[in-house]
Amino acid sequence: MALRVFTALPLPDAIADEAEAHMDHVPGAKWRPRENLHITLAFYGELDEPVIADLDAQLACIPTRRFELRLSGAGHFNEGGDPTAIWLGVEENAALRDLARRCSGAARGAGFAQGRRTYRPHVTLAYLGREVEFVRIQRFEQRLSLWKSAAFIADRFHLYSSRTCKPGKPNVYEIEAEYPL
C-alpha cells in the first residue's frame, strides 16, 4: 500500500494556541484544523511501504539536537498568480535548515529522488479559493507583519502520512514515526 508522507515539527500546545488566535479576518479561507498545524521539513510524496521503511531507517540515523524556534510574520503562496494559502513564517534558524536538509537527504539514502523545492519554513493556516478577496489577504499579512510567537524548543520531529477522507475536507495526518531531538 502506498502512503503520502512528509516529515515535520509538531507545534507545542501554547504555540498552536497562538497560531489559532490568528485564524480569522479572511472570509472564505479554509482554515486548517489545529491538529494539522506543523512546520514541514521535507515532503516525499506517495511512497510504497517498503520504501517508507527504508526512509524511516534513514531518518532515525539523522544526528540531531534540540533547538529554539519562533514563528514570525505572515504571508501567502501563489500558483499562477492566484493566492493558494496563507501562512505564519518561521524566524531564520540554521538548526532548522540543517534538519530540513538532512530530512531531504534521507530520501536519497532510501533510494528515491525527492522533488526540488526551495525550503521556506512556515505553518500553513488556511487554503484559499478564488472567492477570497486579495485585500483581505493583504490586511492579514499587514496585521501580522511584526508579530512573533513565544520562543519554543523543537524536541522531536515526525514522519506523517496524509490521507484525504472526504473531498473538500482537510486531510487527516497520522504520525507514522517519531524522532527525538
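Residue numbers count from 1 along this sequence. Values in this document were obtained by computation on a predicted structure and should not be read as measured data. Both backbone and side-chain heavy atoms feed into the values below; hydrogens, waters and symmetry mates do not.
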Handout entry: Common cluster, Phe112/Leu3, ILVMFWY with side-chain heavy-atom separation under 4.5 Å
Key = yes

Exercise for the section: Apply side-chain contact (heavy atoms from CB on, under 4.5 Å) to Glu178 and list each qualifying residue two or more places apart in sequence or on a separate chain. Expected result: Arg156, His158

Practice task
Would you please test Ile175 and Leu159 for side-chain contact (heavy atoms from CB on, under 4.5 Å) and show each step?
Solution key: CA-CA 6 Å; Ile175 297 169; Leu159 176 65; over 6 Å; no

Practice task
Would you give the length of the straight line joining atom CZ of Phe6 to atom OH of Tyr160, rounded to the nearest 0.5 angstrom?
Solution key: 6.5 Å

Problem - Arg70 atom CZ: more than 12 heavy-atom contacts under 6.0 Å - result: yes

Exercise for the section: Working to the nearest 0.5 Å, report the span between CG of Asp82 and CG of Asn78. Expected result: 7.5 Å

Exercise for the section: Count the heavy atoms of every other residue, nucleotide or ligand shown that sit under 6.0 Å from CZ of Arg130, and state whether that count exceeds 12. Expected result: no

Handout entry: Gap separating the CG atom of Leu125 from the CZ atom of Phe140, nearest 0.5 angstrom
Key = 5.0 Å

Fill in the blank from the handout: d(Glu68 CD, Leu96 CG) to nearest 0.5 Å is 13.0 Å

Practice task
Any side chain to side chain donor-acceptor pair (under 3.5 Å) involving residues 51-67? Give me the pairs, sequence neighbours left out, ordered by first then second residue.
Solution key: Asp56-Tyr179

Practice task
Please tell me if the side chains of Thr84 and Tyr127 come closer than 4.5 Å, counting only heavy atoms from C-beta onward.
Solution key: no

Exercise for the section: List, by chain and number, the other hydrophobic cluster members for Trp87, where Ile, Leu, Val, Met, Phe, Trp and Tyr join if side-chain heavy atoms come within less than 4.5 Å, directly or indirectly. Expected result: Phe77

Problem - Straight-line distance of Arg139 CZ to His25 NE2, nearest 0.5 Å - result: 11.0 Å

Fill in the blank from the handout: Applying side-chain hydrogen bond (donor to acceptor under 3.5 Å, both in side chains) to Gln138 and not counting sequence neighbours gives none

Problem - Pairs involving residues 90-101, ordered by first then second residue, that meet side chain to side chain donor-acceptor pair (under 3.5 Å) (sequence neighbours left out) - result: Glu91-Lys148, Glu92-Arg97, Asp98-Arg101, Asp98-Arg102

Practice task
Applying side-chain contact (heavy atoms from CB on, under 4.5 Å), name anything that partners Asp48, two or more places apart in sequence or on another chain.
Solution key: Ala2, Pro50

Exercise for the section: Following the transitive rule for hydrophobic clusters with a side-chain heavy-atom cut-off under 4.5 Å over Ile, Leu, Val, Met, Phe, Trp and Tyr, establish whether Phe134 and Leu144 coincide in one cluster. Expected result: yes

Problem - Distance, nearest 0.5 Å, that separates CD1 of Ile52 from OG of Ser161 - result: 7.5 Å

Exercise for the section: Just jot down the side-chain hydrogen bond (donor to acceptor under 3.5 Å, both in side chains) partners of Glu141, sequence neighbours excluded, or say none. Expected result: His76

Practice task
Mark yes or no for whether Arg32, through its side chain, and Ala126, through its backbone, hold a donor-acceptor pair below 3.5 Å.
Solution key: no

Practice task
Taking all non-hydrogen atoms of both residues into account, name the closest pair between Ala29 and Leu128 and its distance.
Solution key: CB-CD2, 3.8 Å

Practice task
Treating Ile, Leu, Val, Met, Phe, Trp and Tyr as nodes and any side-chain heavy-atom pair under 4.5 angstrom as an edge, say whether Tyr119 and Val5 lie in one connected cluster.
Solution key: yes

Practice task
Sequence neighbours left out, what passes side-chain contact (heavy atoms from CB on, under 4.5 Å) with Ala154? Give chain and number order.
Solution key: Leu9, Phe67, Leu69, Leu181

Problem - hydrophobic_cluster_shared for Leu55 and Tyr173, side chain cutoff 4.5 Å - result: no

Problem - Results of side-chain hydrogen bond (donor to acceptor under 3.5 Å, both in side chains) for Trp147 - residues two or more places apart only - result: His22

Exercise for the section: If you link ILVMFWY side chains whenever their heavy atoms are less than 4.5 Å apart, which other residues fall into the same cluster as Val172? By chain and number, please. Expected result: none

Could you list the donor-acceptor pairs under 3.5 angstrom formed between side-chain atoms of residues 33-47 and any protein atom two or more places apart in sequence or on another chain?
{"residue": "Arg34", "atom": "NH1", "partner": "Asp17", "partner atom": "OD1", "Å": "2.7"}
{"residue": "Arg34", "atom": "NH1", "partner": "Glu20", "partner atom": "OE1", "Å": "2.7"}
{"residue": "Arg34", "atom": "NH2", "partner": "Asp13", "partner atom": "O", "Å": "3.0"}
{"residue": "Arg34", "atom": "NH2", "partner": "Asp17", "partner atom": "OD1", "Å": "2.9"}
{"residue": "Asn36", "atom": "ND2", "partner": "Asn171", "partner atom": "O", "Å": "2.9"}
{"residue": "His38", "atom": "ND1", "partner": "Asn36", "partner atom": "O", "Å": "2.7"}
{"residue": "His38", "atom": "NE2", "partner": "Thr40", "partner atom": "OG1", "Å": "3.0"}
{"residue": "Tyr44", "atom": "OH", "partner": "Thr7", "partner atom": "OG1", "Å": "3.4"}
{"residue": "Tyr44", "atom": "OH", "partner": "Cys103", "partner atom": "O", "Å": "2.8"}

Exercise for the section: Please identify each residue that fulfils side-chain contact (heavy atoms from CB on, under 4.5 Å) with Ala57, with sequence neighbours left out. Expected result: none

